[in-house]
Amino acid sequence: MLPILLSIPHGGMRVPAELSQLVGISPKDLFDDGDAFTLDIFDLGDEVACVVKTDIARAFVDLNRAPDDRPPRNPDGVVKTATCFKRPIYLPGREPDGDVTEILIDRYHAAYHAQLAHGAAQPGIKLALDCHSMLPAAPPISDEPGLARPSFCLSNRDGATAPSELLERLAAAIAEAFDIRADQIGLNDPFKGGYITQTHGAGELPWIQVELNRSLYLVEPWFDRATRNIDPLRISELRERFGTALHRLRL
């Protein structure tokens with residue numbers, strides 16, 4: 001068993017019961033806003049010491065945002081009002097009020113982070129990875145919309161949450177396992193690591209954010225956008241390659 005904790009915060013599609021009467025987002029927009037199939041790709045089960053995940057969709061509670069990062073100042077905050085493509089999430093005039101927002105943060109956001117802290121405290125854990133997928137190009141809400149992204153991005157907030165030597169070793173292991181060039185892996189570019197790595201990576205346990213480009217699976221011939229069906233063999237292949245990369249780290 002690998003001494004690794006895996007966090008998969010954005011792979012779910014479930015609508016929280018507290019919001020069931022408020023939601024107006026389409027299934028397609030909900031799918032596009034999340035990290036589709038990352039639960040299947042990154043969850044290595046018993047191969048690793050700990051997996052923390054959720055089935056709640058990122059559109060409703062973003063576990064990789066600070067609990068005080070909220071609309072209207074940030075529509076893409078912890079409890080969003082719009083997707084990364086600027087699509088409204090709720091029926092007109094039915095956005096969650098302050099009381100509902102507090103309930104969501106307590107039941108889902110705070111609970112997830114408590115699970116992360118508990119898992120990270122297990123004896124023998126040597127590395128934590130916060131696992132995501134990213135759009136092939138930056139979305140409309142980005143500072144550089146349309147900018148092409150690498151096959152992977154690995155982030156340690158410029159050395160603040162994990163040693164740079166460990167980040168570079170992980171990059172080399174991923175490049176070998178996925179049969180890609182080293183320059184196809186961005187280090188702290190375009191992401192430096194979000195709230196999860198920033199918060200939990202402040203101690204002795206190293207934390208690294210992992211971003212997988214969706215062009216590696218959410219495109220033809222593996223993915224049918226009309227039906228949102230995907231080739232399960234491609235997902236299995238990516239999961240196997242991810243596991244191979246972690247084994248090659250030799251922690």
Side-chain angles (χ1 to χ4, degrees), residues 1-12 14 35 37-56 58 61-67 78 105-133 152-178 185 187-188 191-212 235-236 238-251:
M1 180 186 296
L2 295 168
I4 294 174
L5 180 153
L6 299 176
S7 163
I8 314 170
H10 290 163
R14 182 163 69 90
D35 289 356
F37 302 109
T38 52
L39 292 173
D40 304 294
I41 294 170
F42 291 119
D43 185 354
L44 298 181
D46 293 341
E47 285 188 60
V48 297
C50 183
V51 179
V52 180
K53 57 187 178 180
T54 182
D55 63 351
I56 295 294
R58 172 184 180 268
V61 184
D62 192 336
L63 305 168
N64 201 28
R65 295 285 191 273
V78 61
I105 290 174
D106 181 64
R107 290 181 180 172
Y108 303 108
H109 188 279
Y112 189 87
H113 284 270
Q115 290 180 63
L116 289 180
H118 177 75
Q122 292 183 21
I125 299 282
K126 295 182 179 180
L127 173 64
L129 301 177
D130 189 39
C131 303
H132 301 261
S133 70
F152 280 86
C153 174
L154 305 180
S155 312
N156 67 346
R157 299 190 68 84
D158 292 325
T161 66
S164 295
E165 179 270 339
L166 179 58
L167 188 76
E168 291 165 2
R169 284 173 53 208
L170 179 59
I174 286 175
E176 185 176 1
F178 283 83
I185 300 177
L187 301 182
N188 292 297
F191 302 106
K192 292 186 181 296
Y195 179 77
I196 288 175
T197 52
Q198 181 180 9
T199 302
H200 296 275
E204 294 183 3
L205 179 67
W207 276 80
I208 294 173
Q209 181 172 295
V210 178
E211 297 272 357
L212 168 70
I235 296 297
S236 295
L238 292 175
R239 183 172 60 249
E240 182 177 346
R241 288 175 182 264
F242 178 61
T244 297
L246 299 191
H247 280 280
R248 285 178 174 165
L249 266 182
R250 302 188 183 279
L251 293 170

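Residues L212 and T38 form no side-chain contact, since every pair of their non-hydrogen atoms from C-beta on lies 4.5 Å or further apart. A heavy-atom distance below 4.5 Å is not found between the side chains of V51 and L44.
Heavy-atom contacts from other residues, nucleotides or ligands closer than 6.0 Å to CG of D55 number more than 12. Surrounding NE2 of H118 are at most 12 heavy atoms belonging to other residues, nucleotides or ligands under 6.0 Å away. Residue Q122 places its CD atom among more than 12 non-hydrogen atoms of other residues, nucleotides or ligands, all under 6.0 Å distant.
Pairing each heavy atom of A117 with each of H200, the nearest pair is N-CE1, 4.1 Å. Nearest heavy atom pair, residue A171 against residue L187, reads CB-CD2, 4.0 Å. Shown here for P67 and V78, the closest heavy-atom pair between the two residues is O-CG1, 3.7 Å.
Judged by distance alone, the side chain of S155 and the main-chain N or O of F191 form a donor-acceptor pair under 3.5 Å. Between the side chain of R58 and the main chain of P9, no donor-acceptor pair closer than 3.5 Å is present. For R169 (side chain) and L249 (main-chain N/O), a donor-acceptor pair under 3.5 Å exists by modelled atom type.
Atoms CD and OG, from Q115 and S7 in turn, are 9.5 Å apart once rounded to the nearest 0.5 Å. We find the CG-CD1 distance between L246 and I4 to be 4.5 Å, quoted to the nearest 0.5 Å. The structure places SG of C131 at 9.0 Å from CG of L5, a figure rounded to the nearest 0.5 Å. Between the CD1 atom in I41 and the CZ atom in R241 there is a gap of 12.5 Å [rounded to 0.5 Å]. In this structure, I185 CD1 and L170 CG are separated by 8.0 Å, a value rounded to the nearest 0.5 Å. Of the inter-residue distances, the one linking I196 atom CD1 with H132 atom NE2 reads 5.0 Å to the nearest 0.5 angstrom.
For Y195 and H113, the ring centers are positioned less than 6.0 Å apart.
Checking T197, N188, T161 one by one against N156, the side chain to side chain donor-acceptor pair (under 3.5 Å) holds for a single residue, N188. Of the candidates T54, N64, D62, D62 is the only one forming a side chain to side chain donor-acceptor pair (under 3.5 Å) with H10.
We find that D158 and K192 are joined by a salt bridge, their nearest charged nitrogen and carboxylate oxygen being less than 4.0 Å apart.
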